[in-house]
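First comes the structure, then the notes that go with it.
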Amino acid sequence: MAEKNNNSNNTRRDFIKKGILAGVGTVFAGGLFSVVKTYADEPDTVKVLDQDGKVKEVDKSHLKEVGENVNKQLQKSNREGIPNKKWVMVIDLGKCRDARKCMESCQSAHQLWTEKDGDGSKVQHHINVHVMNRGSKAGGYFLPRPCQHCDNPPCTKVCPVNATFKRNDGIVLIDNARCVGCRFCVAACPYSARTFNWFDPKDADKYKDVPYNIELNVPQRKGTVSKCVFSADQIRVGKLPYCATACPNGVYWFGDEYEDAVTNGTTKETVRFSNLLKENAGYTLLPELGTKPSVWYLPEKDRLFPFEDYHTPSDDNAKHH
Amino acid sequence: MSNTKNKPLSKIVNDLTRPLKSHKGFVIWVLFLLLVIGGGLVAYIWQLRVGLGVTALRDYVSWGLYISSFIFFVATALVGMLISSVLGLLGIKWITPIARIAEMIAIGFAMLAGVIIILDMGRPERLLNVFLYARIQSPIFWDVTVVTSYVLISILLFLLPLIPDMPFLRKTMKDQPKWKQLIYKLLSFGWVGSPEQYKIVKRSMRILAILIIPVALAIHTVTSWLFAMTPRIGWDSTIFGPYYVTGAFVAGAAAVVVVMFFIRKSYKIKEYITDKHFDHMAKLLVLVMLVYLYFNINEYIVPGYKMKRGDDAHILAMFTGHFSLMFWLVQIGGLILPIILFLFKPFRKPVPAMVLSIGIVVAAFFKRYLITVPTLMHSNYHADNLPVEYTQYWPSIAEWSITMMAVAIAVLVVTILAKLFPIMPIWEVAHENGISYEEMNKFNAEDSDIN
């Protein structure tokens, strides 16, 4: 989308009912405009944002088909991220009861294979809920684990082609139009946060003509790596990530570290990020590795739900935790 | 080499060029290799169509047999540097007849190391991206650079000592097909055998022999960094560079013994590759295996003593758990047992040396598997909510076929090189037999209409 849209701090523009990015179309006064198709009543006009962030209504005949170059332009701006932002997530482990709504909404948004597809042998997660401390005296708990969007990411360092990279706003993205499928990033990630398209992606035929959206990383492509993108497409339009809004239990807080504010995905309550961490002794995963994650965790104290372990334990798990 | 001394030049030339002309079993051997390659090709086309899902690799163990083979190939290729360079520069004479074998192995396996990486890629058609969007911060970029350099220097180190051999080939191979004669003519590079030319060849060989040492150290150090540069349990080690390099000498020296044995047998050149060569190579193996054992002790005992979180599961899986059978077979069969046996003279005879070396090579292969796979299985966050295949790994039929194809291509390259060119430098062997360069020139000029 055009840069001006990024700069405006407006959240949730209500005129974007369910905006589908149609790409950059019309050129007015040499500027780039982002075009948003709406489900408006008048079929002959569409609303567009101009350079100053103002909404204009233009005739459909003024729109041009999204060309390859414009697509590249879009990709470039998406590689830079939203200026003056540093996205953070806080995950409250005391509230998670393994409802897995986060996983489901994530899989559906990113067109990932789920256990319900086919014979269930192809499963991809951007966010996974792990069972931790199984058999420990301190009691087990569930750990939702998205990509940690590290500030010192081991994965982007090793990429030979700059297909996976860290944006200015802290998000680690993957460009599946460039990825060569060497899986070095998968091997390097100590959180095992990445997934690979071992087969044709889910509904590959259905999406094969859809232009690639790097901020959503769809359509998925066979032979390329995929990963959690902090729902960069949602953030772009001022919404919370898919996982955060899908959670029924208020596990997720999401926001901007510079504004020092995070919003709960379930209750929509907004609090001071630093206070939340301080009051609850927030921590990051594997701090000893120095990866500096953007995802913080609140300890599994005062669990809202009793821990119930209905997963099949593998022999590794018991040894590990 | 008392028993190679004082042979007449005509005998040396005849002995070393005869195997290049007709050779029983050569066609069958090549057909066998082509069959393996064909099978692998079918599997690879299948992999391209369906995706890397035809392998047993999944999101957790995402590197497996291909990457293990890659390290193994790079390791084996390193022997070219050890033998023709390090030993050669030290002035050790007995390596003359086996230096070219080592160089052939280096070329074949280093090239294949590059190929298997492409076979492992999810998007091989985007290979050019590695250059178009090259990131010099990525160990893969370093690897591409140094492996290419190593292949190039190895090819030069192979071709240079060939030049003075070309007159012998052009003289004796006149009954051979035109294309072969053309190759021999081209590779002569205008060689007339003047003292000046001998001086240039020798000096260039020396420069290359020195140049290849840092490059060879670099290729395997960088290969180890593909792992050591990640914060993963089992890879996060500071000794990975020397650990890999010393392991490479073990794999490569053992591979030379195996190739030496079969070439000596089928080329009937026992007078040139003698029992003494096996004896020396076995002693060399003891030395490099002891150094490698020392690194192994450091690599496993130090984390095993501390049992840090994460390391514990990894180490226990090796010592007593899931990988223990393979681990102990590799450590005992591929290191401890041959070290002990090679201390006794009877085991340094050709047949036992060859048998033990096959064990060492196979163990070296699975050692790379043990470096690659267990780490990926022992993730900090285990494979919950994923099918059971994600928690296990054993290479699929497609992976085995494709890997065997790669091995067969490497062996085919070595076979073709060994069929096209004398297995050892005629001029150097002749020189060691007390024949002067003038005599060689005279020999080549006799009833010869070339030049």
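The model shown is predicted, which means the values in this text are computed figures rather than measured ones. Residue numbers start from 1 in every chain, and the chains themselves are labelled A, B, ... in the order their sequence lines are given, proteins ahead of strands. Note that these values count all heavy atoms, side chains included, but never hydrogens, waters or copies made by symmetry.
Among all heavy-atom pairs drawn from Pro231(B) and Ala188(A), the shortest one is CD-O, 3.4 Å. Between Pro387(B) and Gly120(A) the shortest heavy-atom distance is CG-O, 3.3 Å.
Neither the backbone nor the side chain of Trp142(B) comes within contact range of chain A; no heavy atoms are under 4.5 Å apart. For Leu57(B), the parts lying under 4.5 angstrom from a heavy atom of chain A are both the backbone and the side chain.
Between chain B and the options Glu115(A), Arg194(A), Arg178(A), Met103(A), the largest number of non-hydrogen pairs under 4.5 Å is found for Arg178(A). The most heavy-atom pairs under 4.5 Å with chain A, out of Thr375(B), Leu386(B), Ile67(B), Leu376(B), come from Leu386(B). If you tally non-hydrogen atom pairs under 4.5 Å between each of Trp63(B), Trp235(B), Phe141(B) and chain A, the highest count goes to Trp63(B).
A 6.0 Å sphere centred on CD1 of Ile397(B) holds no more than 12 heavy atoms belonging to other residues, nucleotides or ligands.
Between the Arg183(A) side chain and the Asp120(B) main chain, a donor and an acceptor come within less than 3.5 Å of each other. No donor-acceptor distance shorter than 3.5 angstrom exists from the side chain of Asn385(B) to the backbone of Asn128(A), with no hydrogens or angles considered. In this structure, the side chain of Tyr381(B) does not engage the main chain of Leu143(A) through any donor-acceptor pair within 3.5 Å. At distances below 3.5 Å, at least one donor-acceptor pair connects side-chain atoms of Arg232(B) with backbone N or O atoms of Ala187(A).
From Met132(A), atom CE reaches atom NE2 of His382(B) across 6.0 Å, with rounding to the nearest 0.5 Å. Distance CZ/Arg134(A) to CG/Asp384(B): 6.5 Å, rounded to 0.5 Å. A distance of 9.0 Å separates CG of Asp59(B) from OG of Ser192(A), quoted to the nearest 0.5 Å.
At a heavy-atom cut-off of under 4.5 Å, chain B is reached by Pro154(A), Thr156(A), Lys157(A), Val158(A), Cys159(A), Pro160(A), Val161(A), Asn162(A) from residues 151-164 of chain A, listed in order of number. Using a 4.5 Å heavy-atom cut-off against chain B, the contacting residues of residues 197-209 of chain A are Trp198(A), Phe199(A), Asp200(A). Near-neighbour residues of residues 132-139 of chain B relative to chain A, defined by a heavy atom under 4.5 Å from a heavy atom of that chain, comprise Tyr133(B), Ala134(B), Arg135(B), Gln137(B), Ser138(B), Pro139(B).
Scored by the side-chain contact (heavy atoms from CB on, under 4.5 Å) test, Phe131(B) finds Leu128(B), Val144(B) as partners (sequence neighbours excluded).
Side-chain atoms of Asn176(A) and Arg123(B), non-hydrogen and from C-beta on, never get closer than 4.5 Å to each other. Inter-residue side-chain proximity for Glu288(A) and Lys308(B) is flagged as unmet; no heavy-atom pair is nearer than 4.5 Å. Thr230(B) is listed as a side-chain neighbour of Phe184(A), based on a closest heavy-atom distance under 4.5 Å.
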